[in-house]
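Values reported hereafter were calculated over all heavy atoms of this structure, with side chains retained and with hydrogens, waters and symmetry mates removed. Letters A, B, ... mirror the listed sequences (proteins, then strands); counts begin at 1. The model shown is predicted, which means the values in this text are computed figures rather than measured ones.
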There are 2 protein chains.
Amino acid sequence: MTPPPQDEFLDAAKRGRGADKARQMLKVAQLYCTEARIAILQVLMQAARPLRQDQIAGQLTERAMSKVTVYRTLESLIEVGLVHRAFTYQRAWYFELADHCTEHQCHPHFTCTNCGVTHCLMDVLLPLAKISQKGFVVDRQQVRLEGLCPACA
Amino acid sequence: MTPPPQDEFLDAAKRGRGADKARQMLKVAQLYCTEARIAILQVLMQAARPLRQDQIAGQLTERAMSKVTVYRTLESLIEVGLVHRAFTYQRAWYFELADHCTEHQCHPHFTCTNCGVTHCLMDVLLPLAKISQKGFVVDRQQVRLEGLCPACA
DNA sequence: GAGGAATATGCAACTGAGTTGCATATTTTT
DNA sequence: AAAAATATGCAACTCAGTTGCATATTCCTC
Ligand SMILES: [Mn+2]
Ligand SMILES: [Mn+2]
Ligand SMILES: [Zn+2]
Ligand SMILES: [Zn+2]
């Protein structure tokens, strides 16, 4: 009886392989390798969608963590470009790894107005708005979609 | 000495011409014609950009209004499609009239990360993300841009 | 490895945009 | 004018996110 691949992956992450990846990312970014940063990076690496602070905290299996620390940890990861704020929904920020981003634009996010679930549209890329001739310098273009997801349509 | 056109327009709005337009919009929408709705619609009709609740309240010259009423008024105007929530910035919603919208998409908004001012890009329209073949039903596509505005670049 | 500087964490208290219940006021309908 | 329907104001509340400060952890140097 071999365990299913997901469990194997999660197990590996807990045992340290995911932690090593996180440590390396932090070293490159010149951030202290703290328990909080390693754990939160691992949670975000395994996440299929952006997560709120409380969802991230809820995934921390090893040790509970103050929400202040979660917020400050995310802030530090954002500052060095490892994480970004994907969008807000019902007054709360959703965070995700910043790896799937192109220079000025990340993938779009679709939020279902019926079930509230958000999907990352990894393979959808809209053209950048051409507004530089008007004197604007675009740093980031963000696309949000709302409607019904396949399960709710 | 004729007053400049802006003042003339503002004056006309105060005197009732803008109010008549608002009354008509409310009648069509089957909403009670209340002081609050007429006043807030007029403020939004004259606004060059989306406004927060406190900015709207600050523009109400005739009579002060409880912030609860401003929020509930906006909510009712949103329900009938006259107003929409344009975006959030620093945890606050910005509201605007829902007239420049096409069926599934409004114009993009550019927020300057230096001065904080938002510009409505009325003449910019990105294509709709083609995700219906994946089973998604898109109700609304929203585009946000960040960077430096012409004044700050 | 020990010591010290730099940085991160937890706690408790705070902030502020937005919401809710309920009594009262306004608008519309009859 | 009276009744029914709806809107408003007040005070109290919610809750995601922030701040000050004492303590703990990480890293760097010797
Ligand atoms: Mn995503
Ligand atoms: Mn706009
Ligand atoms: Zn759904
Ligand atoms: Zn600017």
Side-chain angles (χ1 to χ4, degrees), chain A residues 19-20 22-43 50-58 60 62-80 82-96 111 116 118, chain B residues 19-20 22-41 43 50-58 60 62-80 82-96 116 118:
Chain A
D20 287 347
R23 279 175 195 282
Q24 197 189 330
M25 293 162 77
L26 292 170
K27 197 153 198 175
V28 171
Q30 303 194 58
L31 285 182
Y32 278 20
C33 280
T34 66
E35 249 187 66
R37 286 188 184 133
I38 293 164
I40 287 178
L41 273 179
Q42 283 182 272
V43 167
L51 299 175
R52 291 190 308 263
Q53 173 277 137
D54 62 295
Q55 295 175 315
I56 294 169
L60 299 170
E62 299 294 314
R63 194 169 60 82
M65 196 182 300
S66 148
K67 72 171 180 175
V68 178
T69 300
V70 176
Y71 279 120
R72 287 200 274 226
T73 298
L74 289 167
E75 183 61 40
S76 70
L77 296 173
I78 289 167
E79 265 170 31
V80 298
L82 287 173
V83 169
H84 67 193
R85 295 184 173 87
F87 58 88
T88 51
Y89 182 59
Q90 294 178 344
R91 292 181 60 67
W93 276 108
Y94 284 71
F95 302 86
E96 70 180 348
T111 302
T118 293
Chain B
D20 287 347
R23 279 175 195 281
Q24 198 189 329
M25 293 164 76
L26 292 171
K27 196 154 199 174
V28 170
Q30 302 195 58
L31 285 181
Y32 278 20
C33 279
T34 66
E35 249 187 67
R37 286 188 184 133
I38 293 163
I40 287 178
L41 273 179
V43 169
L51 299 176
R52 291 190 309 264
Q53 171 277 137
D54 61 296
Q55 295 174 316
I56 294 169
L60 299 171
E62 298 294 314
R63 194 171 60 81
M65 195 182 300
S66 148
K67 71 171 179 175
V68 178
T69 301
V70 177
Y71 280 120
R72 287 200 274 227
T73 298
L74 288 167
E75 182 60 41
S76 69
L77 296 173
I78 288 168
E79 264 170 30
V80 298
L82 286 173
V83 169
H84 68 193
R85 293 183 174 88
F87 58 89
T88 51
Y89 183 61
Q90 295 177 343
R91 291 182 62 68
W93 276 108
Y94 284 71
F95 303 86
E96 71 180 347
T118 293

TODO: Describe, in one word, how the ring planes of B:Phe87 and B:Tyr94 are oriented to each other, choosing from parallel (under 30°), tilted (30 to 60°) and perpendicular (over 60°).
DONE: parallel
Task: Nucleotide D:dT18, atom P - distance to CD of A:Gln53 in whole Å - done: 10 Å
TODO: Round to a whole Å and report the spacing from CD of B:Gln90 to P of D:dG17.
DONE: 14 Å
TODO: Might you point out which heavy atoms bring A:Met25 and A:Leu82 nearest each other, and give the distance in Å?
DONE: CE-CD2, 3.7 Å
Task: Closest-nucleotide ordering on DNA chain C, the 5'-leading residue of B:Arg52 and A:Thr73 - done: A:Thr73
Task: Least distance between heavy atoms, A:Thr69 atom then A:Ala36 atom - done: CG2-CB, 3.9 Å
Open item on the list: Quick one, A:Val80 and A:Gln30 - any side-chain contact, counting heavy atoms below 4.5 Å?
Closed with: no
Open item on the list: Which heavy atom of A:Ala19 sits nearest to which heavy atom of A:Gln42, and what is that distance?
Closed with: N-NE2, 3.4 Å
Open item on the list: Quick check for you: to the nearest 0.5 Å, what is the distance between B:Leu41 atom CG and B:Thr73 atom OG1?
Closed with: 9.5 Å
Task: Outermost nucleotides of DNA chain C that come under 4.0 Å of a non-hydrogen atom of chain B - done: C:dA17 to C:dT28
Open item on the list: Quick check: closest heavy atoms across B:Gln55 and B:Pro50, and the distance to 0.1 Å?
Closed with: OE1-O, 4.2 Å
Task: Net bend of the helix from C:dG1-D:dC30 to C:dT30-D:dA1, end axes of five pairs each, nearest 10 degrees - done: 40°
Open item on the list: Rounded to whole Å, please give me the gap between NZ in A:Lys67 and P in D:dC15.
Closed with: 11 Å
Task: Close residues, residues 26-34 of chain B, relative to DNA chain D [heavy-atom separation under 4.0 Å] - done: B:Tyr32, B:Thr34
- [ ] Look at atom CD of A:Glu75 and say whether more than 12 heavy atoms of other residues, nucleotides or ligands are closer to it than 6.0 Å.
- [x] yes
- [ ] Working to the nearest 0.5 Å, report the span between CD1 of A:Ile56 and NZ of A:Lys67.
- [x] 14.0 Å
Open item on the list: Base, sugar-phosphate or nothing for A:Arg72? Non-hydrogen atoms, less than 4.0 Å.
Closed with: base
Open item on the list: Distance check needed: D:dT26 P versus A:Arg37 CZ, whole Å only.
Closed with: 11 Å
- [ ] Scan B:Ser76 against the nucleic acid and name what it touches under 4.0 Å (heavy atoms): base, sugar-phosphate only, or nothing.
- [x] nothing
Task: Min side-chain heavy-atom separation A:Leu31-A:Leu77 under 4.5 Å - done: yes
TODO: Kindly give the heavy-atom pair with the smallest separation between B:Met65 and B:Leu60, and that separation in Å.
DONE: CE-CD1, 3.5 Å
